[in-house]
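This report concerns only the one structure given below.
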Amino acid sequence: MFSRFRRVRAGLLLPAGVLVLACGQPEPSSGEPDEAQRLPGGDTTNTLLLGSGAFTRPASNITEEHAASFYTGNSFFNQSWVQAPSSTEARDGLGPLFNARSCSACHFKDGRGSPPLEEDAEFVGILLRLSVPGDEAGDAPVPDPEYGGQLQPFAINDVDPEGSPRVSYAEHSGEYADGDEYSLLEPRFEILDPKYGELASDLMISPRVAPAVFGLGLLAAIPDARLHELADPKDANGDGISGRINQVPDAETGASSVGRFGWKAEQPSVRQQAAGAFLGDMGITTSLFPQQDCTEAEAECQAAIVGGEPEISDELLDKVALYSSLLAVPVRSEWDHPVVLEGQRLFGALGCDGCHVPQHETGDHEFEELGGQVIFPYTDLLLHDMGDELSDERPSFDAEGNEWRTPPLWGLGRVLEVNGHDRLLHDGRARGVAEAVLWHGGEAEAAKEAFKGLSRDERDALVRFVESL
Amino acid sequence: MKQQNKASRNYRRASAKVLSRALIVAAGLGATLACSSESDTEAEAALPAESSEAIRTYGEIVHASYADSLDAAKDMDAAIESFLDDPSEDTLAAAKRSWLTAREPYLQTEVYRFYDGPIDNPDDGPEGMINAWPLDEAYIDYTLDDPSSGIINDPDVEISAESLMSLNEQGGEKNIATGFHAIEFLLWGQDQSDDGPGNRSYTDYVVADGDGHAERRALYLRTVSGLLVEHLQGLVDEWKDGEDNYRADFEKLEPKLALGRIFTGMINLSGFETGGERLQAALDSGSQEDEHSCFSDNTHRDMIQDIQGILNVWQGRYVRADRDEVEGVSLESIVREVDAALADEIDDQIHESLDLANDLETPFDQEIAPENEAGNERVSKLVTSLHKVDGALEEAFDKLGLEVMNME
């Protein structure tokens, strides 16, 4: 776990190593101020707007041509879809079953969703994937035969919604090494009023919070080769951290591709991720996913009028994909504050940067704004075992139930201002950075234990650093 | 977060020292150093001396324009009350006129957005309650497609100031329940014609002739109109001189921070909001669903007065509704002192945009119609011009050494 830390320290003993560090950029987790880190998205970084609109700006270097599509993508991202048929032809085709009427319902202001913060509030910004065990022992789980792969709590007129999701929490308390106490919320999800038959006794529920949608194009532009280089599936270097690529099918070509997006890295591209969300979350078909997710039990769903084939054209889907690809990462305000730098040093010392890899250089991308940028997303986009407590016991392609993709950390501290909450992790159980760290297990067990061993000031510094990203 | 921001500025120098020390250590270890290590993004040049005066002028203009907006909204509220007391073609027409009049000063205030000031700070900024768009008509009232849609036609939903505020933007940015555009829809109705605005009948508000929901519709209109007045009053209060309010805090800020906010508003309103969200998106889709004031066909005025607001701030001069003038040291003079050519460029560019906005033909939905090449060209030129305004203002932002900061 601490091998990376030792390696950096060892480097400092060598004058030649010092020369490299001093003249180039400081090692990202060295705790040395590095002005490049002020702009986590390189030239694309939004340096003009913070506060509640911090995630809404286009890439600072956006071309005139792409700007035209960006604003249309923005409009289709924000607008509500309506039931077909409708006079607003470009925007009809909602449902029959759905989780939200618009992208922005869950990704409000291009930010992050959360579980309901008040009891009995609706599920917006979080959804439940559903599955049951496969036929044979050892088979991958399959979508629920009655309810499909995702619970859709809303429906168009004349179709019954599938049911009402609810969450409740069990509170666990714990202690840091210095005696400070903390508490963690363990969520329990359930489905009330199931409308299409009794729920399977072995039904598995996998909650998924809507992640923020800025900076996605930059993540797409990290070369495959870089991810292969970071991957260490058999932990050959013995640092306790494996890191695996989720090889997933490209829906258009069928080719096996590097998964990058989604909580389990199950989507290979922004476009496919967007098309998946259009279908699964809003019931909008695309050329990639032309079939509605209606099971045989859901006859009215199958019979409902469609809003075109597909319901969103390739042209508009492309614009929504361009929009989410070119949303800018916000500038860092506190990149050189001494407390933040101390937190940055601890982040490296604890080995957090073993998975939350600070820096990458993007390769070529179809949008030229995104190519050749030095970026600081703090992720390796790889799958890691996060322990049983976070497991949803539901594999997705190569990803095991307890494996999750390292989420990027950039912009994380601004979610509070943009979305009014600080919930983290795939089901939003963590209230802030410290709790998120405390939920880490598996490959991150040692880092978590090291975090628990820090003093309060050190913990605060680490948290402040992560919030400064 | 609040205290951290100021601290981060103070520590900027300190951290540069840390780096220098690291370099000295490296040199001590025998390495030859020939690299420049730091580039401070903050310009060292001091701001022109009259910057605080320009900030004072800004506060005066903001207050005067919100006060005008409030007065006009009160007139509108009275006209709506007269209409609801006695619905007729005439009283509806008068209410519509009062809405159009109220838009004129309000649009000039849009340039005070985007820095999470009183209008749009995420805690209680009323912007989303005042001017959010686009509007999903079916969220509020019946539409051509669905005669029973919307809050008004659902007796289970309570209509009160509190309930409508909580329904605003629930479930998506387009689910707008309150503000100017909700009132606009309730007065004009959906725009179904090519050459004119929406044509809602006053009978929608006549209990005996209506669809059974006239009373709820009237209550809705009265409620959102009252809310608008209330929200504008709050803004006037925050910008009143000599009070313990946002204005006082704003004027106490380091001038660089205050100017940073002023510029942030101008930059984001010109390129992003007006040029992008309102014009470019509408042009690209060619659909009136994407025009700003689609029910009343008043979108051209929106564009003109938004740009006028940018010009007001730039010139340090605002002509009030009663033709009185508020004038003082301008942003232009500050920029001119640092870079006269840039000041000329910004001035020319804003004026060009204003001219191009005035050149738009009405109704705007026909300007963006795909077959109207000349109209598309006029809109496109305005978009390009606004992006140039944005670019030139960004240059001034950098030249003055302003920096985008966390909001306080």
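Within every chain, numbering begins at 1; the chains are lettered A, B, ... in the order of the sequence lines, protein sequences first and strands thereafter.
- Remark: Glu467(A) does not engage Arg464(A) in a salt bridge, criterion side-chain N to carboxylate O under 4.0 Å.
- Highest contact tally toward chain B, considering only Val340(A), Asn157(A), Thr56(A), Val339(A), is held by Thr56(A) [criterion: heavy-atom pairs under 4.5 Å].
- Residue Ser468(A): no heavy atom, backbone or side chain, is found under 4.5 Å from chain B.
- For chain A, the option among His387(B), Gln280(B), Glu394(B) with the highest count of heavy-atom pairs below 4.5 Å is Gln280(B).
- Remark: Asp318(A) pairs with Arg271(A) by the salt bridge (Lys or Arg N to Asp or Glu O under 4.0 Å) rule, at least two apart or across chains.
- Asp120(B) touches chain A through its backbone: at least one of N, CA, C or O sits under 4.5 Å from a heavy atom, while the side chain does not.
- Between Glu377(B) and Lys381(B) there is no salt bridge, since no side-chain N of the basic residue sits under 4.0 Å from a carboxylate O of the acidic one.
- Taking the side-chain hydrogen bond (donor to acceptor under 3.5 Å, both in side chains) definition, one finds that His421(A) meets it with nothing, sequence neighbours left out.
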